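Predicted model only: the values in this text are computed from it and were never measured.
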Amino acid sequence: QVQLVESGGGLVQAGGSLRLSCAASGRTFSSYAMGWFRQAPGKEREFVAAISWSGGNTYYADSVKGRFTISRDNAKNTVYLQMNSLKPEDTAVYYCAAVYSDYLQGSWPPPSYDYWGQGTQVTVSS
């Protein structure tokens, strides 16, 4: 069982930056691949980025590639999403998610996730 708590959201002007954090409970954080998703009002949840258990593999949605960076610190049980050059269309609730790496059986990026946080609001003003 993994519990996830996101933080770092807020209001920022277009072109600005934010760093989201997702703190995970449990001693086996390094066994999980992690992902970030977002959901804008009236839209479906969409994938943003993923990172493997070691941090060696990452994957990004085309819409954020080159602007967002996912990283993790297994010693701190935390995954991060550095968001630069933010646009109004990045406005959404951002969620982190986890999946046990052994369940992936080599698939990358993860096709699904088992644990979700409660989300943090990111609002980008124009």
Side-chain angles (χ1 to χ4, degrees):
Q1 189 86 12
V2 176
Q3 293 184 326
L4 306 172
V5 179
E6 302 95 335
S7 61
L11 174 64
V12 63
Q13 289 188 331
S17 298
L18 280 176
R19 188 176 80 156
L20 305 183
S21 298
C22 174
S25 65
R27 294 177 293 177
T28 59
F29 175 71
S30 60
S31 298
Y32 290 83
M34 302 296 295
W36 285 97
F37 289 75
R38 66 186 182 186
Q39 187 167 20
K43 295 188 176 181
E44 294 187 352
R45 185 174 61 195
E46 65 173 354
F47 168 80
V48 175
I51 189 166
S52 62
W53 68 271
S54 66
N57 289 326
T58 58
Y59 191 82
Y60 296 92
D62 288 343
S63 59
V64 306
K65 203 172 294 183
R67 300 188 298 122
F68 291 10
T69 302
I70 189 171
S71 62
R72 66 189 296 160
D73 185 339
N74 286 343
K76 295 183 178 180
N77 282 13
T78 302
V79 63
Y80 305 97
L81 186 67
Q82 177 66 44
M83 306 185 295
N84 299 329
S85 302
L86 283 162
K87 306 175 181 179
E89 52 263 43
D90 294 319
T91 295
V93 177
Y94 283 72
Y95 300 89
C96 70
V99 58
Y100 191 50
S101 292
D102 284 358
Y103 294 161
L104 298 178
Q105 297 183 326
S107 297
W108 190 259
S112 62
Y113 292 80
D114 297 321
Y115 303 99
W116 295 84
Q118 83 290 346
T120 186
Q121 176 70 47
V122 172
T123 303
V124 184
S125 63
S126 57

Atom pair CE (M83) and CZ (R19), whose distance is rounded to the nearest 0.5 Å | 11.5 Å
Pair listing, disulfide (SG to SG under 2.5 Å) test, anchored in residues 37-73, at least two apart = none
List, by chain and then residue number, the residues other than Y80 in its hydrophobic cluster (Ile/Leu/Val/Met/Phe/Trp/Tyr, side-chain heavy atoms under 4.5 Å); write none if there are no others.
-> none
Enumerate the residue pairs fulfilling disulfide (SG to SG under 2.5 Å) with a member in residues 15-126, sequence neighbours excluded, ordered by first and then second residue.
-> C22-C96
In terms of heavy-atom contacts, A14 and S126 come closest through CB-CA, 4.4 Å
Would you find a donor on one side and an acceptor on the other, under 3.5 Å apart, between the side chain of S25 and the backbone of Q3?
-> yes
Nearest heavy-atom neighbours spanning S71 and V79 = O-CG2, 3.1 Å
Joining Ile, Leu, Val, Met, Phe, Trp and Tyr whenever any side-chain heavy atoms lie under 4.5 Å apart, the cluster holding F47 also takes in F37, Y59, V93, Y95, V99, L104, W108, Y113, W116
Might you point out which heavy atoms bring L81 and A49 nearest each other, and give the distance in Å?
-> CD1-CB, 4.3 Å
Does any pair with a residue in residues 47-66 pass salt bridge (charged side-chain N to carboxylate O under 4.0 Å, His left out), and if so which ones, sequence neighbours excluded?
-> D62-K65
Using side chain to side chain contact (heavy atoms under 4.5 Å, CB included) as the criterion, list what pairs up with K43, not counting sequence neighbours.
-> A40
Side-chain heavy-atom pair M34, L4 within 4.5 angstrom cut-off | yes
Rounded distance [0.5 Å steps], CD in Q121 versus CG in L11 = 9.5 Å
Heavy-atom pair with the smallest gap, counting every atom of A23 and T78 = CA-OG1, 4.2 Å
Counterpart residues, ring-ring contact (aromatic ring centres under 6.0 Å, His included), relative to Y103 (two or more places apart) = Y100
Does T58 have any side chain to side chain contact (heavy atoms under 4.5 Å, CB included) partners at least two apart in sequence or in another chain, and if so, which?
-> I51, Y60, I70
Among Ile, Leu, Val, Met, Phe, Trp and Tyr joined by side-chain contacts under 4.5 Å, find the other residues sharing a cluster with W53 and list them by chain and number.
-> none
Taking side chain to side chain contact (heavy atoms under 4.5 Å, CB included) as the test, write out the residues that go with Q118, two or more places apart.
-> V5, E6
Would you please test Y115 and Q1 for side-chain contact (heavy atoms from CB on, under 4.5 Å) and show each step?
-> CA-CA 8 Å; Y115 303 99; Q1 189 86 12; 4.1 Å; yes
With sequence neighbours excluded, tell me which residues meet side-chain hydrogen bond (donor to acceptor under 3.5 Å, both in side chains) with N74.
-> R72
With sequence neighbours excluded, tell me which residues meet side chain to side chain contact (heavy atoms under 4.5 Å, CB included) with D90.
-> R38, R67, F68, L86, K87, Y94, V124
